[in-house]
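Whatever order the structure lists them in is the order used to number ligands and atoms, beginning at 1. Keep in mind that what you see is a predicted model, and the values were worked out from it rather than measured.
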Amino acid sequence: MPMEHEQIIVRRGSRSGLPVVLAIHTTAPGQAIGGCRLARYPTWRDGLDDALRLSAAMTAKCAAAGLPHGGAKTVVALPPDAALDHDGRRAVLHDVGDVIADLDGAYATGPDVGTDSADMATIAERTRHVFCLPAEAGGSGDSSPHTAVGVVAALRAVCEAVFGTADLAGRRFAIVGLGRVGGHVARQLSAARAKLVVADVDPAKRVLAEKLGAAWVEPEEALRSDVDVLVPAALGGVLTPAVVGELRCAAIAGPANNQLDAPGTADLLHQRGILWAPDTVVSAGGVIYATGVELRHETPAEATARVRRIGDTLAPILRDAARDGVPRMSG
Ligand code: PHE
């Protein structure tokens with residue numbers, strides 16, 4: 001197989017000693033963008049695999065959103081038992097900043113699983129190519145509420161396609177993962193009077209479930225619960241052939257990146273008559289908002305309106321897929 005990525009950097013951080021992987025899928029459409037993920041992996045090579053997949057998904061995400069950017073991703077592969085204290089975190093974020101600085105603007109990062117706006121400010125001590133700095137540092141701040149706005153717009157389009165109405169009131173959703181994006185999706189769906197089943201590996205998230213009046217179950221149960229729409233909002237690869245065989249939802253749409261364990265799993269979903277909205281379209285709200293406000297000088301209201309248009313992007317994709325009987329976007 002030819003090498004698909006434009007550039008892959010794997011560097012042991014000089015301060016932290018931790019493996020920093022930066023995969024640039026392409027800069028052909030413009031500056032490569034993609035978040036910085038800080039997560040535990042069995043080995044750094046698993047982190048490398050994840051960076052390769054996630055950066056390619058960012059290219060698809062930017063293309064689907066009509067953004068003049070290529071895809072990239074940074075992965076800090078923490079050992080399975082790692083615990084980062086304050087200084088350790090600063091050290092590895094400075095290591096990340098140095099790798100980005102060496103690329104001279106070919107790539108800019110943003111928050112992702114395991115990092116937030118405050119972390120972006122730490123990276124920005126070493127490079128200016130960082131999105132989503134806190135507002136007081138001149139950035140557009142936390143991207144997760146905006147990603148959630150896009151997810152809810154996508155969920156409306158999915159409900160319209162499957163049930164003939166975009167109304168969310170009384171509609172049943174299972175949200176797997178109440179992290180930053182999943183938590184905001186839960187709040188927004190609850191405000192729209194949807195019925196929620198929610199799950200997270202972190203038992204502390206139960207407090208939010210109770211506040212929203214959502215049913216709290218284990219993640220394995222949430223995946224298989226009898227709902228209208230399943231919303232994967234945690235790590236990737238949850239849709240395996242075994243899970244697909246046990247699903248009881250009519251549709252799936254959520255912000256988790258790379259939900260399918262393998263592309264062929266989309267065919268299994270199709271055979272079961274379950275509509276799956278590509279996560280590359282559903283999860284683009286964060287990048288649409290941050291690049292709109294920070295690069296294109298859109299007002300927050302304009303950027304939010306653009307994020308909501310994810311529903312308009314998704315609707316014809318779902319319509320064409322239903323008409324042609326194909327399980328997913330080609331390419
Ligand atoms: N985590 C974001 C994503 O996957 C990354 C990002 C957000 C990059 C905002 C730039 C700006 O889309």
One pair per line, please: each N/O atom of ligand 1 matched with every protein N/O atom under 3.5 Å away, atom names first, then the distance to 0.1 Å.
residue, atom, partner, partner atom, Å
ligand 1, 1 (N), Pro111, O, 2.8
ligand 1, 1 (N), Asp112, OD1, 2.8
ligand 1, 4 (O), Lys61, NZ, 3.0
ligand 1, 4 (O), Lys73, NZ, 3.2
ligand 1, 12 (O), Lys61, NZ, 2.8

Going by heavy atoms in the side chains, are Val238 and Val176 under 4.5 Å from each other?
no

Suppose the criterion is salt bridge (Lys or Arg N to Asp or Glu O under 4.0 Å): which pairs have a residue in residues 129-153, not counting sequence neighbours?
none

Any ion pair linking Arg90 and Glu125 (charged N to carboxylate O, less than 4.0 Å)?
yes

Provide the full list of salt bridge (Lys or Arg N to Asp or Glu O under 4.0 Å) pairs with a residue in residues 55-66, sequence neighbours left out, each pair given once.
none

Please determine if Arg40 and Asp46 form a salt bridge, counting it only when a charged side-chain N lies under 4.0 Å from a carboxylate O.
no

Nonpolar side-chain network containing Leu38, other nodes, edges under 4.5 Å:
Ile9, Leu18, Val20, Leu22, Ile24, Val76, Leu78, Leu84, Val92, Leu93, Val96, Val99, Ile100, Leu103, Tyr107, Met120, Ile123, Val130, Leu133

